[in-house]
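In what follows, residues are counted from 1 in the order of the sequence shown. What you are looking at is a predicted structure, and each value in this text was computed from that prediction instead of being measured.
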Amino acid sequence: MLTFRPSCPEDTARMSEIAEEGKRYLKSRGVPQWQRGTYPDRALFESDVREGIGFVVAEGASVLAVCALTFAEEPAYRPEALTAGQWQLPEGKPYASVHRVAVAESARGRHVSSFLFSAAAALAKERGACALRADTHPENLVMQGALTRAGFVRCCELILPDGDEQGDPRYGYELLL
């Protein structure tokens with residue numbers, strides 16, 4: 001049985017392994033996302049644990065997928081930061097954002113990402129969010145498909161303002177809760 005739970009310090013090595021598997025998978029498909037710098041790395045997952053924003057999908061003791069779920073405003077998601085389109089949720093309403101989604105190689109094809117998005121949406125709604133937002137690279141067709149299957153709608157385009165992938169384009173997706 002799959003569970004969605006906060007990550008703990010003991011999870012960070014596995015979280016980092018899953019992210020590295022994700023980087024290799026994206027590279028094998030010619031997707032430039034996560035290919036510059038170290039993002040996401042173990043130090044970031046350790047920070048996510050400390051901040052209480054790291055989550056995992058587990059099956060028993062095995063971690064199968066990772067993500068960060070935040071409730072703070074995302075600067076790249078501000079209306080004035082968008083390069084095309086707009087969010088469905090009216091400005092000023094609370095939303096959550098899901099980032100750093102990666103599924104273990106061994107769990108691909110098992111709809112683990114669907115479970116992750118459903119559980120993240122339920123938690124976001126429980127905590128008062130009116131929508132769940134995510135973004136992905138225009139060439140990351142696998143993630144775009146996973147988001148669409150989970151009920152997200154592609155609403156907008158944006159450019160990442162900082163970090164290893166500064167200046168990279170992204171499609172913004174939103175699921176109204």
### Summary
dist Thr12:OG1 -> Asp41:CG (nearest 0.5 Å) comes out at 11.0 Å

### Message
If we ignore hydrogens and angles and just use 3.5 Å, is the side chain of Gln88 paired with the main-chain N or O of Val153 as donor and acceptor?
### Response
no

### Task
May I ask you to check whether Phe55 and Phe4 place their ring centres under 6.0 Å from each other?
yes

#### Entry: Step-by-step side-chain contact (heavy atoms from CB on, under 4.5 Å) determination, Val31 to Met143
CA-CA 11 Å; Val31 178; Met143 183 57 70; over 6 Å; no

### Query
Does the pair Arg14/Glu21 count as a salt bridge with the N-to-O cut at 4.0 Å?
yes

### Main-chain N/O of Glu74 paired with Tyr95 side-chain donor or acceptor, under 3.5 Å
yes

### Shortest non-hydrogen contact between Ala120 and Leu69, atoms and distance
O-CD2, 4.0 Å

### Summary
When rounded to the nearest 0.5 Å, the distance separating CG of Leu82 from CG of Leu158 is 6.5 Å

### Task
Report yes or no: do Val103 and Val98 belong to one cluster of Ile/Leu/Val/Met/Phe/Trp/Tyr joined by side chain heavy-atom distances under 4.5 Å?
yes

### Query
Any sub-3.5 Å donor-acceptor pair from Ser7's side-chain atoms to Val49's backbone N or O?
no

### Task
Decide side-chain contact (heavy atoms from CB on, under 4.5 Å) for His137 and Leu26; before the verdict, give the C-alpha distance in whole Å, the side-chain angles of both, and the deciding distance to 0.1 Å.
CA-CA 11 Å; His137 196 280; Leu26 291 171; over 6 Å; no

### Query
With distance as the sole criterion, is a donor-acceptor pair present between the side chains of Glu51 and Ser47 under 3.5 Å?
yes

### Query
Mind checking whether Phe45 and Val63 sit in one hydrophobic cluster, side chains of I, L, V, M, F, W, Y counted as touching below 4.5 Å?
yes

### Message
Within this structure, what is the CG-SG distance for the pair Leu176 and Cys155, rounded to the nearest 0.5 Å?
### Response
7.5 Å

### Query
Which atom names give the shortest non-hydrogen contact between Ala81 and Ala76, and what distance separates them?
CB-O, 3.7 Å

### Query
Can you find a pair of side-chain heavy atoms, one from Val101 and one from Cys67, that are under 4.5 Å apart?
yes

### Query
Which atom pair, heavy atoms only, marks the closest approach of Leu64 to Ala107?
CB-CB, 4.0 Å

### Task
May I ask you to test the Pro32-Glu139 pair for a side-chain heavy-atom distance under 4.5 Å?
yes

### Task
Using the six-membered ring of Tyr77, assess whether NZ or CZ of Arg170 lies under 6.0 Å from its centre and within 45 degrees of the ring axis.
no

### Summary
dist Ser114:OG -> Leu116:CG (nearest 0.5 Å) comes out at 9.5 Å

### Query
Atom CG of Leu141 and atom CZ of Arg29: how far apart are they, to the nearest 0.5 Å?
7.5 Å

### Query
Does the side chain of Pro79 reach to within under 4.5 Å of the side chain of Glu91, using non-hydrogen atoms?
yes

#### Entry: Glu174 (side chain) donor-acceptor with Leu132 (main chain) under 3.5 angstrom
no

### Backbone of Leu2 reached by a side-chain donor or acceptor of Glu59 within 3.5 Å
no

### Query
Is the side chain of Ser28 donor-acceptor paired with the backbone N or O of Tyr25 at a distance under 3.5 Å, no angle test?
yes

### Query
For Gln33, does its backbone N or O pair with a side-chain atom of Gln35 as donor and acceptor, under 3.5 Å?
yes

### Task
State, to 0.1 Å, how close Ala102 and Ala19 come at their nearest heavy-atom pair, and which atoms those are.
CB-CA, 4.3 Å

### Query
Where do Leu175 and Ala121 come nearest, in terms of heavy atoms and distance?
CD2-CB, 3.8 Å

### Message
Quick one: does any side-chain atom of Lys23 pair with a main-chain N or O of Thr38 as donor and acceptor, under 3.5 Å?
### Response
yes

### Task
Answer with yes or no whether the hydrophobic clustering places Tyr173 together with Trp34; edges join I, L, V, M, F, W, Y residues whose side-chain heavy atoms lie under 4.5 Å apart.
no

### Message
Using every non-hydrogen atom in the two residues, find where Pro138 and Pro169 come nearest and quote the distance to one decimal.
### Response
CD-O, 3.3 Å

### Task
Could you give me the CA-CA distance, side-chain angles and deciding distance for Arg100 and Ile53, then say whether side-chain contact (heavy atoms from CB on, under 4.5 Å) is met?
CA-CA 11 Å; Arg100 299 186 273 292; Ile53 64 170; 3.9 Å; yes

### Query
Shared ILVMFWY cluster between Ile18 and Val142, side chains joined below 4.5 angstrom?
no

### Task
Find out if a path of hydrophobic residues (ILVMFWY) with successive side-chain heavy-atom gaps under 4.5 Å connects Val56 to Val112.
no

### Query
Roughly how far, to the nearest 0.5 Å, is CZ of Phe117 from NE2 of His111?
14.0 Å

### Message
Keeping Asp11 on the side-chain end and Cys8 on the backbone end, is there a donor-acceptor pair under 3.5 Å?
### Response
yes

